[in-house]
Amino acid sequence: MPRSSEPAATGVVVDLVVIGAGPAGLAAVNTAADLGLSCALLDAAALPGGQFYRQPATGLRAARPQALHHGWRVFAAHTARLEAHRAAGRVRQFAGHHVWSVSGGVGAWESHALGGADGTGGPGGGQAATVRARAVLCATGAHERQLPFPGWTLPGVVGAGGAQAMLKAGLVLPGRWVVVAGSGPLLLAVAGSLAEAGARVPVLVEAADYAGYARRPGTLGRNPGKLVEGAAQAARLLRHRVAVRTRSAVIAAHGTDRVEAVTVARVDRDWRPVPGTGRRVACDALAVGHGLLPQLELALELGCAVRALPDGSPALIVDAEQRTSVEGLWAAGESTGLGGAELALIEGELAAHSIAAALRRPVPVGADGRLRALGRRRERLREFADLMAERHRPGVGWADWLSPDTEICRCEEVTAGAVKEAVEELGAGDQRTVKLLTRAGMGWCQGRMCGSAVARLAGGNDPAGTRPLSCPVPMGVLAADDATDEQ
Amino acid sequence: MSRDPLALVRAHPGPAFEFSFDGEPVPALPGQSIAAALWASGRLSWRRTRHTGRPRGAFCGIGVCFDCLVVSDGQPNVRACLARAVPGGTVATQEGTGYAQIQ
Ligand SMILES: Cc1cc2nc3c(=O)[nH]c(=O)nc-3n(C[C@H](O)[C@H](O)[C@H](O)COP(=O)(O)OP(=O)(O)OC[C@H]3O[C@@H](n4cnc5c(N)ncnc54)[C@H](O)[C@@H]3O)c2cc1C
Ligand code: FES
């Protein structure tokens with residue numbers, strides 16, 4: 001327990017701080033602790049697991065959480081290892097701690113975290129913490145990319161991954177009759193889980209198609225696991241009688257106080273709706289998402305270089321050992337590009353070995369072979385991830401879904417008409433200028449929900465979300481931090 | 001095939017408790033977020049926007065969109081998808097910035 005008048009955990013100094021307890025962060029912290037490093041694991045959520053292994057809240061006492069998961073055995077093994085490392089004092093775990101800033105430099109980093117949800121406290125939270133470390137691993141994952149359409153702000157329209165997250169953690173559904181729409185393989189998992197949990201999913205609407213994958217037999221051949229996974233998901237959808245409609249999109253949601261129906265239309269190669277193909281489908285919820293965007297605030301603030309993935313989203317550049325362009329800072333998992341849990345696990349393990357070597361820990365006998373094998377698997381999975389990103393890259397025609405009064409920025413209630421005016425009449429050529437002219441992206445979420453749409457309407461790619469702080473920070477915490485800096 | 005999520009994972013939660021939402025009792029299970037309990041009670045919206053007063057509820061489900069804000073025990077701007085429901089808690093629809101609701 002921290003002593004009363006001191007900021008909590010200021011005294012904690014470790015070899016490695018891992019930010020994010022998803023598959024990447026868990027693999028990294030367990031490997032690093034195995035290799036003899038003292039570690040701290042910080043995560044905003046109350047329980048480890050990240051998005052893929054999001055666990056039901058402890059109080060719900062789920063006897064078979066694996067019914068909502070794939071690869072639960074791998075996760076269970078990781079949590080057991082984490083528990084053992086914690087008990088032995090090799091890992092300090094800070095659950096419910098959101099890191100709002102990382103400062104310092106190579107060999108001497110400081111991670112500043114806030115405890116609890118919005119200052120409401122809660123298990124593992126409620127306390128601010130600063131952890132000092134010689135190395136930092138950023139494993140902060142991703143959030144969903146959204147492309148607006150008329151009616152997308154109606155209650156009952158929820159993120160596809162969001163519905164999945166609420167289901168896995170709280171064991172709840174947004175409705176009983178749920179359309180799943182957008183683009184990307186996550187939709188298959190979401191439709192399957194919702195149906196398994198008792199929702200009726202009348203249709204899964206995918207703007208791209210799956211046929212495109214077959215045009216890369218080489219990549220598929222090198223990833224047989226992905227084929228098996230895809231086949232299993234298709235079988236599950238069939239079992240639950242979920243119709244799958246490709247090259248189609250939900251171009252409007254209808255209702256007054258909540259969603260009652262959606263319009264599904266065929267789209268062309270550029271995702272432009274084909275006139276006359278719109279059909280109304282009744283539902284009481286819509287789970288929608290157009291892929292994922294890496295969560296990069298902390299790394300960008302420290303100056304890490306990024307690259308554009310084949311779908312236009314920015315990801316951290318890392319080398320073969322998961323080193324970012326900033327010395328002393330590593331990254332693993334979705335922050336280096338979307339690739340799924342298996343890739344995230346591999347990257348976390350590789351990063352830990354690299355960090356241990358950099359901190360001059362002896363290499364265990366036989367490690368070389370394993371590292372080479374992991375490196376090869378990473379290349380294969382990365383190749384598949386690139387194919388996936390390319391196939392589901394948002395087509396430019398999505399903008400035709402918009403009507404002038406469609407809200408683009410949910411927080412500031414900025415319409416498509418206002419954004420269009422900023423771009424076409426006032427000459428704004430990028431997201432930042434549109435933001436200054438319209439306030440789109442200046443609200444609570446700081447452009448996480450609208451940034452992609454605004455940047456694309458201004459003719460660009462997904463923006464690399466540079467934000468000085470990664471979450472809201474009370475003034476008192478900032479002031480206290482300033483005071484410590486001046487001492 | 002009348003499955004529900006609790007049956008699917010064979011959950012045996014402790015007894016349900018109640019919190020109040022806009023003066024009405026809402027049941028919650030131990031561990032559920034405010035948003036999860038509201039969804040389970042069939043409620044999808046619990047915020048009205050600042051400019052046009054439109055209803056909103058949970059959207060991203062993971063704490064990044066801020067659409068799910070509520071006034072919880074007098075504190076505005078609490079993300080309902082992250083905050084735990086607590087027995088006897090008082091949750092209210094957040095109107096606009098929520099500050100006008102602080103007594
Ligand atoms: C909402 C959502 C649902 C998803 N559901 C599925 C699914 O069902 N199936 C599937 O195959 N894939 C799913 N994905 C994809 C998923 O992101 C990856 O497959 C996998 O979880 C990536 O692992 P990761 O370790 O890179 O990141 P994540 O699993 O995303 O873990 C990142 C962790 O970092 C924490 N974090 C982020 N920023 C901070 C910070 N500043 N301070 C402290 N902690 C922080 C987060 O709380 C999180 O626990 C989902 C993605 C999203 C966004
Ligand atoms: S639902 Fe997005 S922040 Fe709560």
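Quick caveat: nothing in here was measured; it's all calculated off a predicted structure.
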Could you pull out the closest heavy-atom pair between [X] and [Y], with the gap in Å?
X	Y	value
B/I62	A/A142	CD1-O, 4.3 Å
B/C60	A/M449	CB-CE, 4.3 Å
A/G170	B/A36	CA-CB, 4.2 Å
B/V64	A/Q295	CG1-OE1, 3.7 Å
B/C65	A/C411	O-SG, 4.1 Å
B/R50	A/E412	NH2-OE2, 3.2 Å

Between [X] and [Y], is any pair of side-chain heavy atoms under 4.5 Å apart?
X	Y	value
A/R258	B/S45	no
A/V172	B/Q32	yes
B/W39	A/L173	no

Max heavy-atom pair count under 4.5 Å with chain A, selected residue of [options]:
options	result
B/H51, B/R56, B/R43	B/R56
B/P55, B/A35, B/G31	B/P55
B/L6, B/V9, B/V86	B/V9
B/L38, B/D73, B/L69, B/L29	B/L69

Check: Can you name the residues of residues 88-97 of chain B that have some heavy atom under 4.5 Å away from a heavy atom in chain A?
Finding: B/Q94, B/G96

Item checked: Interatomic spacing from CE in A/M166 to OG in B/S33 - rounded to 0.5 Å -> 5.0 Å

Check: Just how far is it from atom CG of B/L8 to atom CG of A/L171, taken to the nearest 0.5 Å?
Finding: 8.5 Å

Which bit of [X] is near chain B, if near means a heavy-atom gap under 4.5 Å: side chain, backbone, both or neither?
X	value
A/Q164	neither
A/V157	both
A/E407	side chain
A/Q51	side chain
A/L167	side chain
A/T153	both

Can you tell me which of [options] forms the most heavy-atom pairs within a distance under 4.5 Å of chain B?
options	answer
A/R448, A/Q446, A/E196, A/R410	A/R410
A/G161, A/A67, A/A44	A/A67
A/A62, A/P65, A/A57	A/A62
A/G162, A/G156, A/A197	A/A197

Margin query: So does A/L154 get a backbone contact from the side chain of B/R54, meaning a donor-acceptor N/O pair under 3.5 Å?
Written below: no

Note to self: Using a 3.5 Å distance criterion without hydrogens, assess whether the side chain of A/E413 forms a donor-acceptor pair with backbone atoms of B/T49.
What the structure shows: no

Next item on the list: Not counting sequence neighbours, which residues clear ring-ring contact (aromatic ring centres under 6.0 Å, His included) with A/H69? List them please.
Entry: A/W72

